[in-house]
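Here it is: the structure, laid out below.
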Amino acid sequence: MDEVTLYHWEPNANSGKPMLALMEKGVPFSSHYIDMLQFDQHKPEYLAINPQGTIPAMTHNTPGGVRVLVESTAIMEYVNEQFAGPDLMPADAQDRWRVRWWMKFMDQWLGPSFSMIGWSVFVGPMVRQRDPAELEAAIDRIPLPERRTAWRKAISGAFSEAEMAESRRRVGLGIARLEEELGKRPYVGSNHYTLADINIFNSTYSLPLSQPDLAGKDKTPNIMRWLKRVYARDAVKKTWAMGKTDLASRYGLIMAEIEE
């Protein structure tokens, strides 16, 4: 039995972060797929693991007992420090600062905007076709009130124009800043592949498709070179092979866009 079990959805966004970290480190793990579109994360079986009902979560069986870890970026840092394998943090102090700066920028400022857009155009339309009473019962089971509000907005398409406009503004600024950063060095925050690349890749992997007016080989050549470099990694290929929705099929579409 593997000593690590990862509870995750698709290999993108928050779920993809610890998935990729484990793959890069060469850590064997049991994959426990949590179908977010079926509200698996709010069922009693998963709430026994993470009472907040957020994904991903990871358990690590140790001689001292079972550790339960939540919050995707914190899990990545734990994986990097706990297990043998390639170090995913740079040795240089300034580079480590850059890596942490970019991860905070993504987690607290840019990531929520990507998430709102994704919920509006993908998650909401996927789940709103189900029985309204069933959906309302599922939402009532969500432990965190702010997540209940977000789900209701996604399902009903009720994100305001002001909210969406602010998210689009932040995405535009974030893409421009990332393009500038990747003109300075081959990876985000360092000359070597780090946790920052994993963190940011999992929200920007589809930029040529999702934001064609902002990103592409002509508009953001540095980002495109970086995406190609990251997509070519064995760990990324193995991780994306674990996808079960049509998000996973985007891998080929994006690679074709990058190769053109």
Side-chain angles (χ1 to χ4, degrees), residues 2-34 36 40-42 46-116 118 142-144 146-147 150 174 178 187-190 192-205 230 235-236 239 242:
D2 293 329
E3 64 179 8
V4 172
T5 299
L6 187 65
Y7 299 81
H8 62 89
W9 186 47
E10 288 293 287
N12 72 326
N14 289 333
S15 285
K17 288 152 66 174
M19 292 174 76
L20 260 181
L22 289 164
M23 287 286 193
E24 290 285 354
K25 298 287 284 190
V27 180
F29 65 95
S30 294
S31 168
H32 194 118
Y33 190 86
I34 302 293
M36 189 177 78
D40 286 354
Q41 70 274 29
H42 304 134
Y46 182 69
L47 292 176
I49 301 295
N50 180 9
Q52 290 192 327
T54 58
I55 48 178
M58 189 179 89
T59 58
H60 180 200
N61 294 324
T62 73
V66 178
R67 299 173 181 173
V68 180
L69 302 109
V70 298
E71 298 298 332
S72 57
T73 298
I75 297 174
M76 284 199 305
E77 295 206 40
Y78 175 90
V79 167
N80 187 53
E81 295 174 8
Q82 179 68 33
F83 299 103
D87 194 351
L88 297 172
M89 284 293 285
D92 179 77
Q94 186 177 22
D95 283 359
R96 288 199 302 274
W97 168 79
R98 285 196 203 95
V99 166
R100 291 193 172 99
W101 187 96
W102 275 98
M103 291 198 295
K104 183 174 182 178
F105 177 70
M106 175 58 70
D107 292 348
Q108 297 186 359
W109 197 82
L110 184 56
S113 294
F114 277 122
S115 180
M116 182 181 291
I142 299 174
L144 299 176
E146 62 270 24
R147 303 311 293 165
L178 182 61
Y187 294 102
V188 180
S190 174
H192 304 284
Y193 185 80
T194 70
L195 294 177
D197 298 283
I198 293 175
N199 188 324
I200 294 170
F201 171 76
N202 280 286
S203 289
T204 60
Y205 66 93
V230 176
V236 173
T239 300
M242 297 173 68

What's the shortest heavy-atom distance between V99 and V188, and which atoms?
->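 Reported closest heavy-atom pair: CG2-O, 4.2 Å.
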Looking at side-chain heavy atoms only, is the closest gap between P18 and V79 below 4.5 Å?
->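 SC-SC contact between P18 and V79 ruled out.
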When you look at H60 and F29, which way does the ring pair (Phe, Tyr, Trp, His ring centres under 6.0 Å) test go after all the steps?
-> CA-CA 9 Å; H60 180 200; F29 65 95; over 10 Å; no
Hey, is the main chain of G16 close enough, under 3.5 Å, to the side chain of N12 for a donor-acceptor pair?
->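 Looks like no, no N/O pair under 3.5 Å.
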Less than 4.5 Å apart, any side-chain heavy atom of F83 and any of V4?
->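 They are in side-chain contact.
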Would you give the length of the straight line joining atom CE of M106 to atom CZ of F114, rounded to the nearest 0.5 angstrom?
->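 Here the interatomic distance stands at 5.5 Å.
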Side chain of T204, backbone of I200: donor and acceptor closer than 3.5 Å?
->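 Yes, T204 side chain to I200 backbone: donor-acceptor pair under 3.5 Å.
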Would you check if the side chain of R96 reaches a backbone N or O of A91 as a donor-acceptor pair within less than 3.5 Å?
->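 Yes, R96 side chain to A91 backbone: donor-acceptor pair under 3.5 Å.
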Positive for side chain to side chain contact (heavy atoms under 4.5 Å, CB included) with M19, one of S72, P11, P56 =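 Filter result, single survivor: P11.
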Heavy atoms only: give me the nearest A235-M23 pair and the separation to one decimal.
->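 Answer, listing the atom of A235 first, then M23: CB-CB, 3.7 Å.
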Please state whether the rings of F105 and W102 are parallel, tilted or perpendicular, taking 30° and 60° as the class boundaries.
->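 Ring orientation of F105 relative to W102: perpendicular.
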Would you say M58 and M76 make side-chain contact, with heavy atoms under 4.5 Å?
->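 Side-chain contact under 4.5 Å: no.
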P86 backbone acceptor or donor facing K25 side chain under 3.5 Å =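 It does hold such a pair.
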So, does S15 use its side chain to make a donor-acceptor pair with the main chain of H8 at under 3.5 Å?
->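 No, S15 side chain to H8 backbone: no donor-acceptor pair under 3.5 Å.
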After noting the C-alpha distance and the side-chain angles of E77 and L69, does the key distance pass the side-chain contact (heavy atoms from CB on, under 4.5 Å) rule?
-> CA-CA 11 Å; E77 295 206 40; L69 302 109; over 6 Å; no
L110 to G174 - nearest heavy-atom pair and separation |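 Looking at all heavy atoms of both residues, the shortest contact is CD2-CA, 3.9 Å.
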State the CG-CZ distance between D95 and R100, to the nearest 0.5 angstrom.
->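 The distance works out to 11.5 Å.
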Find the distance between OG1 (T73) and NZ (K104) and round it off to the nearest 0.5 Å.
->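 Result: 12.5 Å between the selected atoms.
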Pairwise distance CD1(I55) to CG(N50) - rounded to 0.5 angstrom |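 Nearest 0.5 Å value for the CD1-CG distance: 10.0 Å.
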Compare all side-chain heavy atoms of M242 with those of S31 and state whether any distance is below 4.5 angstrom.
->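 The answer is yes, as the side chains (C-beta and beyond) meet within the 4.5 Å cut-off.
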Stepwise side-chain contact (heavy atoms from CB on, under 4.5 Å) check, T194 with Y187 = CA-CA 8 Å; T194 70; Y187 294 102; over 6 Å; no
To the nearest 0.5 Å, what is the distance between CE (M103) and CD (Q108)?
->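 Answer rounded to 0.5 Å: 11.5 Å.
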Rounded to the nearest 0.5 Å, what separation is found between the CE atom of M36 and the CH2 atom of W9?
->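 Result: 4.0 Å between the selected atoms.
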With side chains defined as the heavy atoms from C-beta onward, is the minimum distance between L6 and L22 less than 4.5 Å?
->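 Answer yes - side chains close enough.
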Which heavy-atom pair separates A57 from Y46 by the least distance, and what is that distance?
->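 That closest heavy-atom pairing would be CB-OH, 3.2 Å.
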Between the side chains of E10 and Y33, does any donor sit under 3.5 Å from an acceptor?
->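 The answer is yes; a qualifying pair exists.
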Using distance alone, with no hydrogens and no angle criterion, decide if D87 and N80 have a side-chain donor and acceptor under 3.5 Å apart.
->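 A pair is found: one side chain offers a donor N or O, the other an acceptor, under 3.5 Å apart.
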For the residue pair Q82 and R67, establish whether any side-chain heavy-atom pair is separated by less than 4.5 Å.
->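 Sidechains of R67 and Q82: in contact.
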Is the closest side-chain heavy-atom distance between V230 and Y205 below 4.5 Å?
->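 With C-beta onward as the side chain, the pair stays apart.
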